[in-house]
Amino acid sequence: MCRNIRTLHNFEPHATSAEVEAAALQYVRKISGSTTPSKANEEAFKRAVHEIAHATQHLLDSLVTHAPAKDRAEEAAKAKARAAVRFGTV
């Protein structure tokens, strides 16, 4: 499940709210051990996702770097190449 959490810092353009929310959702799914909460836990699940996304956005807004921003397309191409090697589709 957590394999879908991607680095969100130091990209141009900056991470979107949707990307931050998706990372928070994956984190909550991983630590709860559930991809879909029961009705009894649905509110707690949603609240956790919201709070983690909020904290993540604050973190991203506070981080400082002197490194040049990464290019999303270039990083995606690198990840695709690594996956091709890992799964033997080269």
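These numbers were taken from a predicted model, which means no experiment stands behind them. Along the sequence shown, residues are numbered consecutively beginning with 1.
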Just how far is it from atom [atom1] of [X] to atom [atom2] of [Y], taken to the nearest 0.5 Å?
| X | Y | atom1 | atom2 | answer |
| --- | --- | --- | --- | --- |
| Lys46 | Glu51 | NZ | CD | 14.5 Å |
| His9 | Thr56 | NE2 | OG1 | 13.5 Å |
| Asn41 | Ser32 | CG | OG | 8.5 Å |
| Ile52 | Glu21 | CD1 | CD | 10.0 Å |

Atom of [X], atom of [Y] and distance for their closest heavy-atom approach:
| X | Y | answer |
| --- | --- | --- |
| Val28 | Phe45 | CG1-CE1, 3.6 Å |
| Glu12 | Ala69 | CB-CB, 3.8 Å |
| Ala24 | Ala53 | CB-N, 3.6 Å |

Tell me if a side-chain donor or acceptor on [X] pairs with a main-chain N or O of [Y] at a distance below 3.5 Å.
| X | Y | answer |
| --- | --- | --- |
| Glu19 | Thr16 | yes |
| Asp71 | Glu74 | yes |
| Asn10 | Pro68 | yes |
| Arg29 | Thr36 | no |

Side chain to side chain contact (heavy atoms under 4.5 Å, CB included) between Val20 and Ser17, intermediate numbers included: CA-CA 5 Å; Val20 172; Ser17 295; 5.7 Å; no

Side chain to side chain, Leu60 and Phe11, heavy atoms closer than 4.5 Å: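 Leu60 vs Phe11: side chains apart.
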
Arg72/Glu75 salt bridge by N-O under 4.0 Å criterion: no

Note: Glu42-Arg47 ion pair, threshold 4.0 Å (strictly below):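 Arg47 and Glu42: not salt-bridged.
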
Neighbour count above 12 (heavy atom, 6.0 Å) for His14 NE2: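 Incorrect, the count does not exceed 12.
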
Is atom NZ of Lys70 surrounded by more than 12 heavy atoms (other residues, nucleotides or ligands) closer than 6.0 Å? yes

Between the side chains of His54 and His58, is a donor N or O closer than 3.5 angstrom to an acceptor N or O?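 His58 and His54 do have a side-chain donor-acceptor pair below 3.5 Å.
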
